[in-house]
Amino acid sequence: MAGIGTSWKRFSVHVNQTSVDFIPMEWLSDEEQATWSAYIRLRQRLDAAIAAGLAQDGLSAADYELMVALSAAPGDCLRAKDLAAEVCWEKSRLSKHLARMAARGLVDRQPVAEDARGVLVQLTSEGRALLERAAPNHVQLVRELFIDCVTPTEADAIQALSAKVVAVVEES
């Protein structure tokens, strides 16, 4: 990053009579920053376009993400904690969003019989019908904005890169 520098020396400061070490770090090079910025731009623009497409069918991107995860589960049903893990959401975010979806009749929440704190989340027939109506438009948009833009070689590279980055993230 221009103007900030790439080499820092380790130094300590004293805060409330405690020494705090600052670990040296290296800023992104211009090329690294360009790569990161390109990814951010791609993700933001693609997410916005996908969200706009789903909105035409009465769904948010978050609704669709949860409904797809539920539809892939046996009986269209998952424990809330498993659904949260599947979509990488915090418990409170999931709970609030499921409450909004339940109010719209898209999901049903029931306590788990053998676990008083557990909740089963099930896609309702209305939720499944809306998902099935929205899916063809969503798939067409994904194809138009992403799939048709990459060659088979680029698709292989994207899959390999995704697997590599996800593995690093999940290890940390």
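We use all heavy atoms of the structure for the numbers below, so side chains are in, but hydrogens, waters and symmetry mates are not. Positions are given from 1, in the same order as the sequence printed here.
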Mind listing the side-chain donor-acceptor pairs of residues 159-169 below 3.5 Å, one per line with the distance, residues two or more places apart or on another chain?
| unit_1 | atom_1 | unit_2 | atom_2 | d |
| --- | --- | --- | --- | --- |
| Ser162 | OG | Ile158 | O | 2.9 |

Given a cutoff of under 4.5 Å between side-chain heavy atoms of I, L, V, M, F, W and Y, with clusters grown through shared members, what are the other residues clustered with Leu120? Val112

Counting C-beta onward and ignoring hydrogens, is there a side-chain heavy-atom pair between Gln110 and Val119 closer than 4.5 Å? no

Sorted by first residue and then second, give each ring-ring contact (aromatic ring centres under 6.0 Å, His included) pair with at least one member in residues 151-172; sequence neighbours left out. none

Transitive ILVMFWY side-chain link Leu42 to Leu141, under 4.5 Å: no

State whether the number of non-hydrogen atoms from other residues, nucleotides or ligands found under 6.0 Å of Arg43 atom CZ is greater than 12. yes

For Thr124 versus Asp108, what's the shortest heavy-atom pair and its separation? CG2-N, 3.8 Å

Take atom CZ of Arg143 as the centre, draw a 6.0 Å sphere, and report whether it contains more than 12 heavy atoms from other residues, nucleotides or ligands. no

Student check: side-chain heavy atoms of Leu94 and Val121 closer than 4.5 Å: no

Give the minimum heavy-atom separation between Val107 and Leu98, together with the two atoms involved. CG2-O, 3.8 Å

Could you tell me which residues satisfy salt bridge (Lys or Arg N to Asp or Glu O under 4.0 Å) with Glu126, sequence neighbours excluded, listed by chain and number? none

Taking distance alone, no hydrogens or angles, what donor-acceptor pairs closer than 3.5 Å link side-chain atoms of residues 78-93 to residues at least two apart or in another chain?
| unit_1 | atom_1 | unit_2 | atom_2 | d |
| --- | --- | --- | --- | --- |
| Arg79 | NH2 | Asp115 | OD2 | 2.7 |

From Leu131 atom CG to Asp63 atom CG, the distance as rounded to the nearest 0.5 Å: 10.5 Å

Contact summary for Gly75 and Gln122, nearest pair of heavy atoms: O-NE2, 2.9 Å

Is there a path of hydrophobic side-chain contacts, each under 4.5 Å between heavy atoms, that joins Ile147 and Leu46? yes

Under the salt bridge (Lys or Arg N to Asp or Glu O under 4.0 Å) test, residues paired with Asp76 that sit two or more places apart: Arg128

Can you give each donor-acceptor pair under 3.5 Å made by side-chain atoms of residues 49-57, sequence neighbours left out, with the distance rounded to 0.1 Å?
| unit_1 | atom_1 | unit_2 | atom_2 | d |
| --- | --- | --- | --- | --- |
| Asp57 | OD1 | Asn137 | ND2 | 3.2 |
| Asp57 | OD2 | Asn137 | ND2 | 3.1 |

Atom pair CH2 (Trp36) and CZ (Arg41), whose distance is rounded to the nearest 0.5 Å: 12.5 Å

Applying salt bridge (Lys or Arg N to Asp or Glu O under 4.0 Å), can you list everything that pairs with Arg133, at least two apart in sequence or on another chain? none

Can you tell me if CD on Glu31 sees more than 12 non-hydrogen neighbours from other groups inside 6.0 Å? no

Contacts of type salt bridge (Lys or Arg N to Asp or Glu O under 4.0 Å), residue Asp156, not counting sequence neighbours: none

Residues passing the side chain to side chain donor-acceptor pair (under 3.5 Å) test with Arg100, sequence neighbours excluded, are His97

For the atom pair OG (Ser95) and CZ (Arg109), what is the distance rounded to the nearest 0.5 Å? 6.0 Å

Could you list all the ring-ring contact (aromatic ring centres under 6.0 Å, His included) pairs where at least one residue sits in residues 119-141, not counting sequence neighbours? Tyr64-His138

ring-ring contact (aromatic ring centres under 6.0 Å, His included): which pairs involve residues 144-172, sequence neighbours left out? none

